[in-house]
> 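Can you read through this structure? Questions will come right after.
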Amino acid sequence: MGTVGGFMMEKEDMRAKEMEELRQLQKKSLEILLVFKEFCDRHHLLFYFCGGCCIGTLRHKGFIPWDDDIDVFMPRKDYERLRKLWRQEMDPKKYAYCRSNKKRFYRSLLTAISDEQTTFIKERQKDLNIQHGVRLEILPLDGCPDSRFKRKLQIIWALIYQIYMNQEAPTSKGKALEMVGRIMLAVCPGWKRRYKVARFAEKQMSKYPIEQCSKITELCARYQYMVNEYPKEAFDHAVYKEFEGHMMPIPAGYDTYLHMAFGDYMQMPPESEQMPKHEAVFVDLEHGYRRYKGKYYCRKDEA
């Protein structure tokens with residue numbers, strides 16, 4: 001009995017330590033968010049929480065207790081403006097703008113702002129020589145054409161973009177699509193070629209201005225979200241709610257958006273699902289990731 005009791009105490013202590021480490025990660029993420037918000041406010045760039053942070057704002061007035069990152073939406077026009085403005089004004093040695101380009105592959109559809117004085121190495125990126133700081137991730141929102149034919153084409157272009165931008169065949173939509181993805185990658189070898197095709201696909205899928213559409217969609221996402229068509233009014237503007245003691249923007253039609261994307265979002269998930277969604281190889285909130293090259297990322301034995 002003593003041994004069992006001691007084991008239970010040890011497990012509880014480990015759990016408490018893990019939650020404290022997660023809380024410190026959340027606080028670091030909040031620091032990045034406040035820098036990002038100040039920048040967007042200064043340049044009149046519209047953004048709002050999405051996913052877990054949007055739910056956390058409404059259900060917890062802060063982070064979902066087991067959430068380990070911050071994701072935001074930006075309308076495509078603001079999303080593209082951000083690229084130019086951030087690079088013009090912000091110090092990349094402190095907060096780096098990260099988005100795949102012809103010279104650098106991130107294995108990601110999104111844009112990220114990385115805190116270069118920290119380390120957060122993800123399992124799926126540990127082979128890449130990229131920025132590995134704690135990051136805030138940004139997802140673009142695009143107009144959704146009313147024509148069913150054009151909408152189907154938009155989704156096809158989005159899938160092409162996903163395959164070439166990630167350089168991976170999709171595995172969640174059946175063997176047929178996975179095989180098509182493998183063939184597409186085989187006939188277009190090399191990152192520079194794939195990036196060129198991906199950029200063309202991105203232009204095709206995002207060519208419908210939100211102002212001219214009645215619905216909005218998220219195309220840089222999993223297929224289950226890609227097919228959602230949200231009323232444009234849901235993202236017409238932001239409303240501000242308390243998040244970790246700060247007033248933060250969420251979509252004006254947050255209830256519509258969250259119900260369409262997640263169902264009964266105010267209902268707590270089963271305890272078995274209450275865990276961080278990203279597999280981190282290594283985290284260090286006090287030091288930049290470059291000191292860990294060859295040890296936790298870009299290891300020669302995994303090349």
Side-chain angles (χ1 to χ4, degrees), residues 12 14-37 40 47-74 95 98 106 108-115 118-126 131-141 218 220-222 224-225 228 235 238-251 254-255 257-286 289:
E12 290 176 4
M14 287 180 62
R15 177 63 174 169
K17 181 180 179 182
E18 290 173 355
M19 292 306 293
E20 175 56 28
E21 290 174 349
L22 176 58
R23 185 58 184 156
Q24 294 307 312
L25 174 59
Q26 291 175 343
K27 289 180 178 179
K28 181 59 68 173
S29 298
L30 181 62
E31 289 179 20
I32 305 171
L33 171 64
L34 293 174
V35 171
F36 180 77
K37 182 179 183 297
C40 290
F47 81 94
Y48 2 61
F49 281 157
C50 61
C53 278
C54 192
I55 294 172
T57 300
L58 298 165
R59 199 168 67 198
H60 306 276
K61 292 189 177 181
F63 285 98
I64 293 175
W66 56 91
D67 204 0
D68 61 356
D69 72 341
I70 292 177
D71 298 316
V72 303
F73 278 144
M74 290 190 91
Y95 293 108
C98 309
Y106 285 91
S108 174
L109 305 178
L110 314 176
T111 289
I113 303 299
S114 167
D115 182 337
T118 61
T119 302
F120 188 91
I121 302 168
K122 292 184 179 182
E123 175 69 32
R124 67 179 270 102
Q125 293 177 321
K126 67 180 182 179
Q131 293 92 341
H132 287 287
V134 176
R135 69 211 72 175
L136 175 149
E137 294 188 321
I138 310 154
L139 295 78
L141 290 173
E218 49 178 318
C220 297
R222 296 177 186 174
Q224 68 187 87
Y225 302 120
N228 287 341
F235 296 93
V239 294
Y240 286 78
K241 302 285 185 179
E242 182 180 347
F243 180 88
E244 300 292 337
H246 302 271
M247 300 305 290
M248 290 294 169
I250 62 174
Y254 58 84
D255 187 62
Y257 153 60
L258 290 174
H259 267 110
M260 290 181 67
F262 303 103
D264 185 5
Y265 61 91
M266 294 300 285
Q267 180 70 34
M268 291 283 283
E271 189 172 341
S272 60
E273 297 178 15
Q274 297 180 19
M275 59 183 65
K277 60 176 181 277
H278 295 120
E279 294 185 12
V281 174
F282 184 74
V283 178
D284 183 345
L285 303 182
E286 302 297 328
Y289 55 87

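Values below: all heavy atoms of this structure, side chains included; hydrogens, waters and symmetry mates excluded.
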> Within a strict 4.5 Å, meaning less than it, do heavy atoms of the L58 and I250 side chains meet?
yes
> For R124, enumerate each residue passing the side chain to side chain contact (heavy atoms under 4.5 Å, CB included) test, keeping only those at least two apart in sequence or located in another chain.
R107, N166, E168
> Say you draw a straight line from CG of L136 to OG of S29; how long is it, rounded to the nearest 0.5 Å?
8.0 Å
> Rounded to the nearest 0.5 Å, what's the gap from SG on C54 to OH on Y48? Could you check?
11.0 Å
> Counting distance only, does the side-chain N/O of Y257 pair as donor-acceptor with the main-chain N or O of G51 below 3.5 Å?
yes
> Do P140 and M74 have side-chain heavy atoms sitting under 4.5 Å apart?
no
> Under a 4.5 Å cut-off applied to non-hydrogen side-chain atoms, are M266 and I55 in contact?
no
> Answer with yes or no after comparing the ring centroid distance for F120 and F282 against a 6.0 Å cut-off, counting only values under it.
no
> Any side-chain heavy atom of D68 sitting closer than 4.5 Å to one from L22?
yes
> Taking NZ, NE, NH1 and NH2 as the nitrogens, is one of them in E31 or R135 under 4.0 Å from a carboxylate oxygen of the other?
no
> Sequence neighbours excluded, which residues qualify as side chain to side chain contact (heavy atoms under 4.5 Å, CB included) partners of A221?
E218, Y225
> Tell me every residue that passes side chain to side chain donor-acceptor pair (under 3.5 Å) with D67, counting only those two or more places apart in sequence or in another chain.
K277
> What verdict does the side-chain contact (heavy atoms from CB on, under 4.5 Å) test give for I113 and I32, after you've listed the backbone C-alpha separation in whole Å, the side-chain angles of each residue and the deciding distance to 0.1 Å?
CA-CA 8 Å; I113 303 299; I32 305 171; 4.2 Å; yes
> Enter the distance from D284:CG to T118:OG1 here, rounded to the nearest 0.5 Å.
8.5 Å
> Determine, step by step, whether L285 and L25 satisfy the side-chain contact (heavy atoms from CB on, under 4.5 Å) criterion, reporting the C-alpha distance in whole Å, the side-chain angles of both residues, the deciding distance to 0.1 Å, and the verdict.
CA-CA 7 Å; L285 303 182; L25 174 59; 3.9 Å; yes
> Which atom pair, heavy atoms only, marks the closest approach of K37 to P249?
CE-CD, 4.4 Å
> To the nearest 0.5 Å, tell me how far F47 CZ sits from I138 CD1.
9.5 Å
> Just wondering, do C50 and L139 contact through their side chains at under 4.5 Å, heavy atoms?
yes
> Would you give me the side-chain donor-acceptor pairs under 3.5 Å for residues 238-246, sequence neighbours excluded?
unit_1	atom_1	unit_2	atom_2	d
E244	OE1	R23	NH2	2.8
E244	OE2	R23	NH1	3.4
E244	OE2	F63	N	2.8

> Does E273 reach the side chain of M268, with side-chain heavy atoms less than 4.5 Å apart?
no
> Taking T119 for its side chain and Y289 for its backbone only, find out whether a donor-acceptor pair lies under 3.5 Å.
yes
> Any pair with a residue in residues 263-272 that passes side chain to side chain donor-acceptor pair (under 3.5 Å), sequence neighbours left out, goes on the list, sorted by first then second residue, please.
D255-Y265
> Output the distance between atom CD1 (I64) and atom OG1 (T57), rounded to the nearest 0.5 Å.
9.0 Å
> Whether the side chain of Q274 engages the backbone of W66 through a donor-acceptor N/O pair (distance < 3.5 Å, no angle test) should be reported.
no
> For atom CD of E286, decide whether the heavy atoms of other residues, nucleotides or ligands shown that lie under 6.0 angstrom number more than 12.
no
> Might you work through the side-chain contact (heavy atoms from CB on, under 4.5 Å) test for S108 and Q125, ending with a clear yes or no?
CA-CA 9 Å; S108 174; Q125 293 177 321; 4.3 Å; yes
> Got a sec, which residues hit side chain to side chain contact (heavy atoms under 4.5 Å, CB included) with E123, two or more places apart in sequence or on another chain?
K126, E279, V281
> Quick one: do K122 and H132 satisfy side-chain contact (heavy atoms from CB on, under 4.5 Å)? Show the steps, please.
CA-CA 8 Å; K122 292 184 179 182; H132 287 287; over 6 Å; no
> About how many Å separate CD of Q26 and NZ of K28, when rounded to the nearest 0.5 Å?
14.0 Å
